[in-house]
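Only one structure is covered here, and it is reproduced in the block below.
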Amino acid sequence: MEARTHLREALAEFVAAGTAGFAARAAAELRAAGEAPPNGTSGAPSASAPLTPQELQIARLAAAGMSNREIADRIYLSHRTVSTHLYKVFPKLGVSSRAGLAEALAATGHAD
């Protein structure tokens with residue numbers, strides 16, 4: 001119960017500071033503590049959480065149907081690094097699987 005107070009305060013501060021990654025984490029922890037974050041602070045994708053160039057490249061390759069290992073071989077990374085980037089990309093684009101990547105990229109103007 002006491003943690004919720006701290007998480008609400010942290011979430012508000014992170015949103016005010018424009019640190020989307022920390023806000024998303026605080027929102028997730030608040031949900032895990034049994035409380036829904038206030039509207040507009042859910043850590044949903046926004047202009048304040050753009051994809052990095054490497055995340056964009058990986059998202060495009062994954063949307064094209066390549067596996068993590070194929071992507072890793074193409075851009076000289078480990079498949080675990082590719083997996084980590086995709087883990088960060090999914091919430092930024094508001095998708096939960098590779099199937100939604102192409103549509104989400106097109107909606108944000110990042111499609112090839």
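Listed by chain and residue number, nothing satisfies the side chain to side chain donor-acceptor pair (under 3.5 Å) test with Thr84 (two or more places apart in sequence, or in another chain). Applying the side chain to side chain donor-acceptor pair (under 3.5 Å) rule to Arg69 yields the partners His79; only residues at least two apart in sequence or on another chain are considered. Considering only residues two or more places apart in sequence or on other chains, Ser83 meets the side-chain contact (heavy atoms from CB on, under 4.5 Å) condition with Asn68. For Glu9, the side-chain contact (heavy atoms from CB on, under 4.5 Å) partners at least two apart in sequence or on another chain are Thr5, His6. Qualifying side-chain contact (heavy atoms from CB on, under 4.5 Å) partners for Glu55, counting only residues two or more places apart in sequence or in other chains: Leu51, Thr52, His85, Lys88, Val89, Lys92.
Put simply, CG on Leu105 and CG on Leu93 are 5.5 Å apart, with the number rounded to the nearest 0.5 Å. Remark: Arg60 CZ to Ile71 CD1 distance equals 13.0 Å, nearest 0.5 Å.
Across all their heavy atoms, Val15 and Ala23 have their closest contact at CG2-CB, 3.9 Å. Contact detail for Ala104 and Val95: the closest heavy-atom pair is CB-CG1, 3.6 Å. Leu86 and Ala62 make their closest contact through CD2-CB, 4.0 Å (heavy atoms, listed as atom of the first residue, atom of the second, distance). Taking both residues in full, the closest heavy atoms of Ala63 and Leu101 are given as CB-CB, 3.9 Å, listed atom of the first, atom of the second, then distance. In terms of heavy-atom proximity, Ala72 sits nearest to Ser78 at CB-C, 3.6 Å.
Taking 4.5 Å as the limit, every side-chain heavy atom of Val82 sits out of range of all side-chain heavy atoms of Leu61.
Using a 4.0 Å cut-off between charged side-chain N and carboxylate O, Arg25 and Glu29 make a salt bridge.
Residue Phe22 is found in a hydrophobic cluster whose other members, listed by chain and number, are Phe14; membership requires side-chain heavy atoms under 4.5 Å apart, directly or through intermediates.
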